[in-house]
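Indexing begins at 1, ligand by ligand and atom by atom, following the structure's order.
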Amino acid sequence: MGTPKILILGAGYGGLLTTLQLQKKLNYNEAEITLVNKHNYHYITTWLHEPAAGTAPADHARVSLDGILNKDKVNFVKGTVQAIQPEEQTVTLENGEVLSYDYLVVGLGSEPETFGIEGLKEHAFSIRSINAVRNIREHIEYMFSKFKNEPDRTDYLTFVVGGAGFTGIEFCGELGDRLPELCREFDVDPELVKIYCIEAAPTALPGFDPELIQYAMDVLERKGIEFKIGTPIKQCTPDGVLLATGEEIKSKTVVWAAGVRGNNIVEKAGFEVMRGRVKVDEYLRAPGHENVFVVGDCALIFNEEGRPYPPTAQIAVQEGETLGANLAALVRGDLPQKFIPHLQGTLASLGKGEGIGQVGSKKLFGSTAAMMKKASDLRYLYKIGGVGLALKKVKL
Ligand code: FAD
Ligand code: NAD
């Protein structure tokens, strides 16, 4: 092999951290590193619930790749991956360009899991990218303005959030915060606005600590969120949702936050998947493909009890860092390290100054959790872009 070609797909948490590690570890002539991403920016997915509700500008969650990639070491291609051909060791982009590789890193993130529920793909929104959240924010504002012209249509002021996992809960926290401002701006009586958070499981945030769940629900209920727990959404139509109980909620805004699956490009490439995620080995390799590595939401890893780790940014970052170092080792003929996740806890926001968290056995509530979350955001920004980026982006 001449200079090895390393091709990284996706500049999310997993792909970007792999690239930054390679950029740090290798000299410019040791490997040909190419990063392909749909946009020329990285987005901070963990903040997307804020611009979706309109409590922060979408730009705030964007980080220009130009500012963090070293052009002497990384060739950046702005393009959309259409297909991976592992047998040929090539990747095809939507513009027809074909890229070849010696090592491939797949970090294409996730897509909403709709469980085959009728109408969701067509009629529901989801919090998945900068463009998607801009659309949600503008749609919400449009609903308020439409109601002012058709005051009988209270369905314009009814908002449905499907799923009370962390995404649904964090979005409800922001929407609850935005509500008073929207009502003032559009002269709408707050009593007319309804926000439903609908959860199939017998509890919100299934599997999380009951005391923290109760705290989160109390905070959100005070902001006007109405929970319907143990109530699966069965169908979504242009006019709202139908619940398994037979109840229909009329709404023009359904935000589906009921789980994710791996990017369908991975399954289409012929890799063996579970919910679109490749069950990778301890070196993050796809089974049967020594030179294909998968990180982030496209990868599936298990804990010692055989339970899958949830798809999180926290794990995607760690995978990217380990993989970047391992690829550098492989290029130099050194041995790679096994990937072992180190869970640092969970922190979730409930809107301005409010949050919940669990770090080890310690439970965090309210402003303490919110501050810890900001500190964790700050660490991430520092990691990818140094002090400059951290100072530019962090909100105190
Ligand atoms: P992503 O970060 O989604 O990145 C995928 C990248 O691939 C993107 O840049 C995308 O543009 C690009 N891409 C996709 N398709 C193509 C294509 N066809 N061609 C080219 N490029 C493509 N996790 C936590 O640990 N903590 C949190 O606090 C947290 N908060 C969250 C809040 C919200 C609102 C959401 C939605 C998720 C949150 N998560 C959190 C989960 C976390 O964001 C994901 O697990 C994480 O983003 C996965 O990283 P990734 O690198 O796999 O993919
Ligand atoms: P999730 O899978 O964690 O939660 C989805 C929820 O939707 C579940 O509670 C599920 O029971 C419910 N649901 C499924 N089908 C339903 C139906 N038909 N009707 C009503 N409810 C239904 O998904 P998520 O919240 O999008 O999170 C995705 C990943 O991102 C998770 O791993 C999560 O931990 C992570 N995340 C983390 C944070 C954080 O740490 N602050 C924030 C957001 C997301």
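- Taking any N or O of N37, backbone or side chain, at least one lies under 3.5 Å from an N or O belonging to ligand 1.
- Test V74, I68, T34, N37 against T19 for side-chain contact (heavy atoms from CB on, under 4.5 Å) and you get one pass: V74.
- Scanning T312, I233, L347 for the heavy atom closest to atom 40 (O) of ligand 2 points to L347.
- For atom 25 (O) of ligand 2, the choice among I315, L120, V160, T167 with the nearest heavy atom turns out to be T167.
- The nearest non-hydrogen atom to atom 6 (C) of ligand 2, considering only Q314, E199, R128, comes from E199.
- For atom 5 (C) of ligand 1, the nearest non-hydrogen atom from the set G10, G107, A52 belongs to G107.
- In terms of polar-atom proximity, V81 is counted as a contact of ligand 1, with an N or O under 3.5 Å from an N or O of the ligand.
- At distances below 3.5 Å, not a single donor-acceptor pair connects side-chain atoms of D155 with backbone N or O atoms of K252.
- Residue contacts with ligand 2 for W256 involve side-chain atoms from C-beta outward but no N, CA, C or O (heavy atoms, distance under 4.0 Å).
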Subject >> From CA spacing to verdict: side chain to side chain donor-acceptor pair (under 3.5 Å), N264, E111 >> reply: CA-CA 8 Å; N264 73 81; E111 52 190 54; 2.9 Å; yes
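- Residue T80 places no N or O, backbone or side chain, under 3.5 Å from any N or O of ligand 1.
- Listed by number with element, the atoms of ligand 2 under 4.0 Å from a non-hydrogen atom of A257 are 5 (C), 26 (O).
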Applying side chain to side chain donor-acceptor pair (under 3.5 Å), run through T92 and Q85 and close with a yes or a no.
CA-CA 8 Å; T92 308; Q85 296 85 222; 3.1 Å; yes
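- Counting heavy atoms only, P311 comes closest to atom 33 (C) of ligand 2 of the residues P311, S376, A244, A201.
- Nearest-residue assignment for atom 14 (C) of ligand 2 (options P310, A313, A258; heavy-atom criterion): A258.
- Residue contacts with ligand 1 do not include R128, since none of its heavy atoms lies under 4.0 Å from the ligand.
- Among the atoms of Q314, some N or O lies under 3.5 angstrom from an N or O of ligand 1.
- Residue A348 has at least one heavy-atom neighbour below 4.0 Å for each of these atoms of ligand 2: 41 (N).
- With a 4.0 Å heavy-atom cut-off, ligand 1 is reached by the side chain of K373 but not by its N, CA, C or O.
- Contacts between A313 and ligand 1 below 4.0 angstrom, taking non-hydrogen atoms only, involve backbone and side chain alike.
- Inclusion of I265 in the set of residues having an N or O under 3.5 Å from an N or O of ligand 1 is not warranted.
- Atoms of ligand 2 found under 4.0 Å from any heavy atom of I117 (numbered from 1 in listed order, with element): 18 (N).
- Between the side chain of E50 and the backbone N or O of A56, no donor-acceptor pair lies under 3.5 Å.
- In this structure, Y43 has a heavy atom closer than 4.0 Å to ligand 1.
- Sorted by first and then second residue, the pairs that involve residues 278-330 and meet ring pair (Phe, Tyr, Trp, His ring centres under 6.0 Å), not counting sequence neighbours, are F271-H289.
- Close to ligand 1: G79, with a non-hydrogen atom less than 4.0 angstrom away.
- Below 4.0 Å from some heavy atom of E170 lie the following atoms of ligand 2, by number and element: 41 (N), 42 (C), 43 (C).
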